[in-house]
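Written out below as structure tokens is the structure these notes cover.
Order of appearance sets the numbers: ligands from 1, and atoms from 1 within every ligand. We use all heavy atoms of the structure for the numbers below, so side chains are in, but hydrogens, waters and symmetry mates are not. If you're wondering where the values come from, they're calculated on a predicted model, not measured in any experiment.
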Amino acid sequence: MKVFYFALVLPLLFTACGDSASDLSQHDHDHKHLQAEASEALPINPVSVIGGVTVLEMTGSDRMKYNLEAFSVPAGSLVKLNFRNVGKMPKAAMGHNVVFLKAGVDSGAFATAAAAARDSEYIPAQLVDQILAYTKLLGPGENDTIEFTAPALSGDYEFLCSFPAHLFAGMRGVMTVE
Ligand SMILES: [Cu+2]
């Protein structure tokens, strides 16, 4: 009975696998390579909700762009941001952060003040009361995770990179609280 079982199953196994061992390892290598490239580019799901927490996978690049420029969160809910600098340029020339501003703050004026605050990584001490939350300033390949509570008041809240000139180059976006 056992002999019959193996005689039946083994040919099926070989048929299913098909490829030789070297083909399989080559295939595996290609697969890993593609995965590595994908993680360098945009995360697959930049916004997801896990257990009531909005989880954001954001990147900043040498082109002074975020991968995510608009998203919504429920009022008063928890937000977790994983931010990564996917660029290659040195931090002193192309650092990135994410700064969420309170409602009604003039982001241009904030960015202008921030540009003069190099010693505090472009977080202007005199304007911290205009900030909801912010990440560290990141160099190439670095990442930072922050958690904050979305405002209770619905509306649009701007976020920006406060590295000099990056807001004006387009490194900005809007969090809609609903
Ligand atoms: Cu930046």
### Query
What protein N/O/S atoms sit under 2.8 Å from the Cu ion (ligand 1), by chain and number?
His96 ND1, Cys161 SG, His166 ND1, Met171 SD
### Message
For Tyr134, is the OH atom crowded, meaning more than 12 foreign heavy atoms sit under 6.0 Å from it?
### Response
no
### Query
Once the angle between the rings of Phe100 and Phe71 is folded into 0 to 90°, is it parallel (under 30°), tilted (30 to 60°) or perpendicular (over 60°)?
perpendicular
### Message
Do Pro74 and Thr54 make a side-chain contact, defined as non-hydrogen atoms from C-beta onward lying under 4.5 Å apart?
### Response
yes
### Member of Glu142, Lys65, Met171, Met58 meeting the side chain to side chain contact (heavy atoms under 4.5 Å, CB included) criterion with His96
Met171
### Task
Would you confirm whether Thr135, through its side chain, and Val98, through its main-chain N or O, come within 3.5 Å as a donor-acceptor pair?
yes
### Query
What residues, two or more places apart in sequence or in another chain, satisfy side-chain contact (heavy atoms from CB on, under 4.5 Å) together with Ser154?
none
